[in-house]
> 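The structure under discussion is supplied below as structure tokens; questions concerning it will follow.
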There are 2 protein chains.
Amino acid sequence: MRSGRPGGKVRLEDVANLAGVSMKTVSNVVHDHPHVSAKMRERVQSAIDQLGYRPNLTARRLATGRTGMLALAIPEIDQPYFAEIVRYVAAEAAGRGYRVIVEQTLSEVEAERAIISDREEGLVDGVIFHPMRIDTMEIARLRPDTPLVLLGEVARPLTTDHVMIDNVAAARVGVELLIAQGRSRIGFLALVHGDITESTHLRLLGYQEALVAAGMQIDPQLVLESTGWTVEEVMQTLLDALAAGIRFDAIVCRDDLFAMAAMKALDRAGLSVPGDVAVLGWDDTRFARYSTPAISSVSPDKAAIARTALDLLEERMNGYDGVGRHRIAPHAVVERETTAPK
Amino acid sequence: MRSGRPGGKVRLEDVANLAGVSMKTVSNVVHDHPHVSAKMRERVQSAIDQLGYRPNLTARRLATGRTGMLALAIPEIDQPYFAEIVRYVAAEAAGRGYRVIVEQTLSEVEAERAIISDREEGLVDGVIFHPMRIDTMEIARLRPDTPLVLLGEVARPLTTDHVMIDNVAAARVGVELLIAQGRSRIGFLALVHGDITESTHLRLLGYQEALVAAGMQIDPQLVLESTGWTVEEVMQTLLDALAAGIRFDAIVCRDDLFAMAAMKALDRAGLSVPGDVAVLGWDDTRFARYSTPAISSVSPDKAAIARTALDLLEERMNGYDGVGRHRIAPHAVVERETTAPK
DNA sequence: GTGAAAGCGCTAACAG
DNA sequence: CTGTTAGCGCTTTCAC
């Protein structure tokens, strides 16, 4: 089945020789080019099968200048929200003929810098990047030659494309739901020390807007602050507030992980959900769906985020070189078991 | 900063010209080759910086025949167990100088077949594959030229390397824990219709062995069967058993997702965990840690799995061509809140 | 220690 | 519609 060449490697030329045609004709067959006679096609195909020929991607890439690969850079692959984003982006990319390589930054500054200032050329045709640590200025300065689209709520760089949801509006809708269900002491879990992304602040802003619009008083005590992102830290934050005598009948969480932490804290404090306290998560991940009780959650349209990011990126890869575009993806609030009329 | 060449592309040769040295010398500097004088290195480096030269990966790959890339093929990226496997494999691979591209099969036969019978050459140097649908015979028959290591409990192919945990022993230890805590009506959730992997059967076998070893009676009623893998189906399976009057004081689950489903069903049936019923999960994912109550879980050593898979794969990539090796990674049982003495 | 030249396997422009 | 040929940018013998 293999050619007699050393290493068993079969080249396009070997196929051409065996079939008695030119390399161009073989290439036409491999690429399903229209203008090839049926008998020709068959003859070439049989040579391909006989030799077990497989086109060499690397050579093709060198010749075409395209890799057919995209990089998706995210903080952590095993955080459900990002795992789901990877899934949608990979599906969307596959539909457009791209494969995706996943890069984890672990929210480390150096890793994020490495994404932007790509040292080597020809790894990927484009990059989709969800930054956590580096800011607009740095992205603008280190801006790579490679087409780039940003995800998430970084401060908006003027020069770079960007896809996000309207966090303020989403938070507002979520809080309005709680208010409509008769909740009046609605907490926010939580601001995080050292968080330089805008997400949490925007969500907090929407929370505040909804309260004001409803003519409710804003009690700063209800806005909690966590020392970190872990479930343990977030749980402790709520536990401390409860121990300090602060009372809630609803809690808006910055994401589903925080909601899981809230469930733990409330359980430990002997409070029932949603009887005593309603809980609203964010991101609509598997955590929310599989938890008991199932967590109501603000749901960004991940498929739309992926689709929009790919749209933008493809335009860049096709040569668009204008100013940065900013696209808003839709959101919804999915009601499950942790929210209910009081 | 850019050369005057069209397209702004800077090549090794341009650097060589500017620095007034040969391409070989530039290459030596780029690769930190030892035998280069300090002044030479400096001169070349300044030319590199001046031109903004970035080596072209594709050309390097074509010349060397290595891609520096690995494929990791898994069923679903957004299933926590696999997301965590991706994380460990990616970390391990990065440490060895490889990048990884993630391929989702979605447990579809055709997608799995595509992984094995790679149509194109030069995409990756090696493949790590967690199959769900295709069997030993097919893997052996379609076996690609690309080095391959299998993950999970497929029937063991003689020709292919393979990393797994000892499912039987792990299940036995888990059930022994339950027995030691005074549980006597221990259910198994669940066999799944159409599941052709060995995992569930091996776990069921260990379950059975532990019961026999403890001199307990085996009640077939306690071994449940689900029509599918979704949380809804699994939950319904347990709900049906409960409705049929079958009583449990512990449930061993085939994975953490099934454990989440069990928690839902028990909650709905008004049973408390672990008061009335203990629950043991499998895979030790974030689900188990973040759930309320936190789920005790059989914990495969994912770091060891990743490390071992890479070890095996590197040997293959370095030319080892012997018989398939089978490596067992360690496991443990992590006790959390869903198991406790009765 | 450094330089010149021959590929790596494919694509695409051009000629026939 | 098919064949020829010149690159794509780097690595790597092999002389110097």
Side-chain angles (χ1 to χ4, degrees), chain A residues 2-3 5-44 47-48 51-68 119-123 125 145, chain B residues 2-3 5-45 47-48 51-68 118-123 125 145:
Chain A
R2 292 289 179 264
S3 80
R5 300 186 67 242
K9 264 74 173 70
V10 182
R11 297 163 313 164
L12 190 59
E13 189 176 0
D14 301 325
V15 177
N17 289 152
L18 178 65
V21 300
S22 77
M23 291 175 62
K24 173 63 177 169
T25 303
V26 178
S27 175
N28 283 344
V29 171
V30 169
H31 288 247
D32 276 328
H33 230 69
H35 302 302
V36 182
S37 68
K39 55 199 63 167
M40 193 83 273
R41 180 181 305 283
E42 193 189 340
R43 184 152 114 228
V44 172
I48 288 177
L51 295 173
Y53 169 71
R54 295 182 307 159
N56 182 312
L57 265 209
T58 306
R60 179 180 297 169
R61 287 171 176 174
L62 184 57
T64 59
R66 294 185 60 258
T67 64
R119 307 295 315 149
E120 293 162 329
E121 187 183 330
L123 178 63
D125 298 332
D145 299 328
Chain B
R2 293 288 179 266
S3 79
R5 299 186 66 244
K9 263 76 173 69
V10 181
R11 298 162 313 163
L12 191 59
E13 189 176 1
D14 301 324
V15 177
N17 289 153
L18 179 64
V21 300
S22 77
M23 291 174 63
K24 172 63 178 169
T25 303
V26 178
S27 176
N28 283 344
V29 171
V30 169
H31 288 267
D32 276 328
H33 229 68
H35 301 303
V36 183
S37 67
K39 56 199 65 168
M40 193 82 272
R41 180 181 305 282
E42 193 188 338
R43 186 155 111 223
V44 171
Q45 187 58 53
I48 289 177
L51 295 173
Y53 170 71
R54 296 181 307 160
N56 182 313
L57 264 219
T58 306
R60 180 180 295 168
R61 287 172 177 172
L62 183 57
T64 60
R66 293 185 61 256
T67 65
D118 40 5
R119 308 295 317 150
E120 293 163 327
E121 187 183 330
L123 179 62
D125 297 332
D145 299 328

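So you know, we letter chains A, B, ... as the sequences are listed, proteins then strands, and number each from 1. These numbers were taken from a predicted model, which means no experiment stands behind them.
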> Atom CG of A:Asn28 and atom C1' of D:dG3: how far apart are they, to the nearest Å?
11 Å
> Between D:dT11 atom P and B:Arg11 atom CZ, what is the distance in whole Å?
14 Å
> Roughly, in whole Å, what's the span from CD in B:Glu121 to P in C:dC8?
13 Å
> Name every residue in residues 17-27 of chain A that has at least one heavy atom under 4.0 Å from any atom of DNA chain D, in order of residue number, or write none if there are no such residues.
A:Val21, A:Ser22, A:Lys24, A:Thr25
> Report the residues that fulfil side chain to side chain contact (heavy atoms under 4.5 Å, CB included) with B:Glu120, sequence neighbours left out, ordered by chain and then residue number.
A:Pro55, A:Leu57, A:Arg60, A:Arg99
> Tell me, please, which residues at least two apart from A:Arg54 pass salt bridge (Lys or Arg N to Asp or Glu O under 4.0 Å).
B:Asp118, B:Glu121, B:Asp145
> How many angstroms lie between CG in B:Leu123 and CG in A:Asn56, if you round to the nearest 0.5 Å?
10.5 Å
> Near DNA chain D, which residues from residues 56-68 of chain B have a heavy atom under 4.0 Å away?
B:Asn56, B:Ala59, B:Arg60, B:Ala63, B:Thr64
> Which heavy atom of B:Thr67 sits nearest a heavy atom of B:Gly122, and at what distance?
CG2-O, 3.2 Å
> Using the side chain to side chain contact (heavy atoms under 4.5 Å, CB included) criterion, which residues pair with A:Met40? Sequence neighbours excluded.
A:Val21, A:Thr25, A:Val36, A:Ser37, A:Arg43
> With a 4.0 Å cut-off, would you call B:Asp32 and B:Arg41 a salt bridge?
yes
> Is any side-chain heavy atom of B:Leu51 closer than 4.5 Å to a side-chain heavy atom of B:Arg11?
no
> Testing the basics here: between B:Tyr53 and B:Leu12, what is the closest heavy-atom pair and its distance to 0.1 Å?
CE1-N, 3.4 Å
> Less than 4.0 angstrom between a side-chain N/O of A:His31 and OP1 or OP2 of C:dT11, yes or no?
yes
> Measure CG/A:Leu12 against P/D:dG7 and give the value in whole Å, please.
19 Å
> What are the two closest non-hydrogen atoms of B:Arg61 and A:Thr58, and how far apart are they?
CB-CG2, 3.4 Å
> Under the side-chain contact (heavy atoms from CB on, under 4.5 Å) criterion, do A:Asn28 and A:Val44 qualify, and how do the steps go?
CA-CA 10 Å; A:Asn28 283 344; A:Val44 172; over 6 Å; no
> In whole angstroms, how far is the P atom of C:dT11 from the CD atom of B:Glu120?
10 Å
> Roughly, in whole Å, what's the span from OH in A:Tyr53 to P in C:dG9?
10 Å
> Take atom NE2 of A:His33 and atom C1' of C:dT11, then tell me their distance rounded to the nearest Å.
11 Å
> Grab the CD-P distance between B:Glu13 and C:dA4 for me, whole Å please.
10 Å
> State, to the nearest 10°, the angle formed by the axis through the first five base pairs of the helix from C:dG1-D:dC16 to C:dG16-D:dC1 and the axis through its last five.
30°
